[in-house]
Every structure is written in C-alpha cells, then in structure tokens.
Amino acid sequence: MIKRLILAALVALPFSALAQKFGVVDVETVFQAMPESAAAQTQMTDASKKYEDEFQKLREEVDKLFAEYQTLEKDPSTPQAIKERRLSELQERDQKVQQFRNTATQDLARLQEQLMLPIQQKLGEAVKAVGQEGNFTFIFPNEQGFLLYTGTDVTDVTALVKTKLGIK
C-alpha cells in the first residue's frame, strides 16, 4: 500500500510541476516609465538643489571667516585673545556646517523613502494583479545578476504590468 502511494506521488509530481506558470518583470523599466516616478525625481532634485545652495552659502561664510582668521594670524599686532576668539568662532561655524550637511542628508533620505514608497506599493499591486489574473505561480524581478537562467516557458509580464498601470 505504501509503495503504491509513493509511486502515485512520483507520477503526479511532474504533472504538478507542469501546471505552474512563472513570469519575470523588468521592475526598473516599469518604475522609470511610471509618471509618479518622474514627479518624485523632480521633487528630489529640487530639494537636493535647495540643500546644496544653502550648503554652498554656509561654506562660503566659513571660507570668509577662515580668510579673516589667516589675516589676523599673520598680523603680529593682533592680541592673542582676539585670534583665539576668531578661531573658536571659525570652529563653531564649521561644526554647524557639518551638522547641516548631516541633517540635509537624513532629510533627503527620508524624503526619498516617503516619495518612493507609494510608487513601489502601486507597482507591487500591479504585479500582484497580473499574477492573479494570469494564474502565475511566481513572478520574479528580471534583474541582471538575480536570475541565473530563464527557460523558454517563462513569460515576460513587463508589458502586462505596464498596461495594468496605464503606461504605454
């Protein structure tokens, strides 16, 4: 009896494997084609430019203070207390510039995550819908280096996902 069950399972195994459908999707291509992606990229570029402009202004202020300090340092008639105060002021300003840079980097990373998350979710929902409608067992991202081999029975669903998102 057990031998018959094992034999039946071995015979049925290849048939169950044939019933599976696999798909691949070029996630990067679809993502770049989404209008939301272009809008998010524009927002990121604008925000980055604003931070870069502000950072440049701060660097110019530090450079000016440094030039003034160097002039005072070379002047033997300037009291040491004034030199030390200017050096301290220069160091404080430089520290604030570095702090601004760190905050800007964190803010930009947070903004990117905030902008990209809804786009990624929308893309994921479209892939899921295509998978369900097409009765796919798996849909894998078609990324270079991710898939080592793709057989002829794997369907590229990139166009279906684009259609689902309303992208031509």
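Positions are given from 1 along the sequence.
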Looking at K164 and E125, is any side-chain nitrogen of the basic one under 4.0 Å from a carboxylate oxygen of the acidic one?
no
Taking side chain to side chain donor-acceptor pair (under 3.5 Å) as the test, write out the residues that go with T78, two or more places apart.
D75
N/O donor-acceptor pair under 3.5 Å between T71 side chain and A67 backbone
yes
Do you know the tightest heavy-atom contact between S48 and L108?
N-CD2, 3.8 Å
Working to the nearest 0.5 angstrom, can you tell me the gap between I167 CD1 and E36 CD?
7.0 Å
Using a 4.5 Å side-chain heavy-atom cut-off and chaining through intermediate ILVMFWY residues, the residues clustered with L72 come out as I82
I want to check something: taking the side chain as every heavy atom from C-beta on, are L115 and Q43 in contact at a cut-off of under 4.5 Å?
yes
Return the CD to CD distance between Q112 and Q41, rounded to the nearest 0.5 Å.
7.5 Å
F55 vs F100 aromatic rings, parallel, tilted or perpendicular, using cut-offs 30° and 60°?
parallel
L165 and L123, any side-chain heavy atoms less than 4.5 Å apart:
yes
What is the distance from atom CG of D63 to atom CG of L90, rounded to the nearest 0.5 Å?
9.5 Å
Say you draw a straight line from CZ of R93 to OG of S88; how long is it, rounded to the nearest 0.5 Å?
11.5 Å
Which distance, rounded to the nearest 0.5 Å, do you find between the CD of E89 and the CD of E68?
8.0 Å
Partners meeting side-chain contact (heavy atoms from CB on, under 4.5 Å) with P141 (sequence neighbours left out)
V27, E143, F146
Kindly check if the number of other-residue, nucleotide or ligand heavy atoms within 6.0 Å of CD (Q95) is above 12?
no
Which residue is it: V130, V30, V157? I am looking for the one with a side chain to side chain contact (heavy atoms under 4.5 Å, CB included) to K162.
V30
Is the shortest side-chain heavy-atom distance between I119 and M34 below 4.5 Å?
yes
Side chain proximity check, F22 to T155, heavy atoms < 4.5 angstrom
no
Would you say NZ of K83 has more than 12 non-hydrogen atoms from neighbouring residues, nucleotides or ligands within 6.0 angstrom?
yes
Tell me whether F138 shares a hydrophobic cluster with V25, the cluster being built from Ile, Leu, Val, Met, Phe, Trp, Tyr side chains joined at under 4.5 Å.
no
Given the rule in the salt bridge (Lys or Arg N to Asp or Glu O under 4.0 Å) test, do K50 and D53 qualify, once you have shown the distances and angles that lead to the verdict?
CA-CA 5 Å; K50 288 178 184 176; D53 290 346; over 6 Å; no
Pairwise side-chain contact, M116 with F31, heavy-atom cut-off 4.5 Å (strictly under)
yes
Got a second to check how far E133's CD is from L160's CG, nearest 0.5 Å?
8.5 Å
Just do the side chain to side chain contact (heavy atoms under 4.5 Å, CB included) check on D94 and R59 with the steps written out, would you?
CA-CA 8 Å; D94 189 54; R59 284 300 324 158; 3.0 Å; yes
Assess whether atom CD of E113 is packed by more than 12 heavy atoms of other residues, nucleotides or ligands within 6.0 Å.
no
Before you tell me yes or no, could you show the steps for L58 and K96 under side chain to side chain contact (heavy atoms under 4.5 Å, CB included), namely the whole-Å CA-CA distance, both residues' side-chain angles and the distance that decides it to 0.1 Å?
CA-CA 9 Å; L58 293 172; K96 287 181 181 181; over 6 Å; no
Report whether F140 and V127 are members of the same hydrophobic cluster (ILVMFWY, side-chain heavy atoms less than 4.5 Å apart, transitive linking).
no
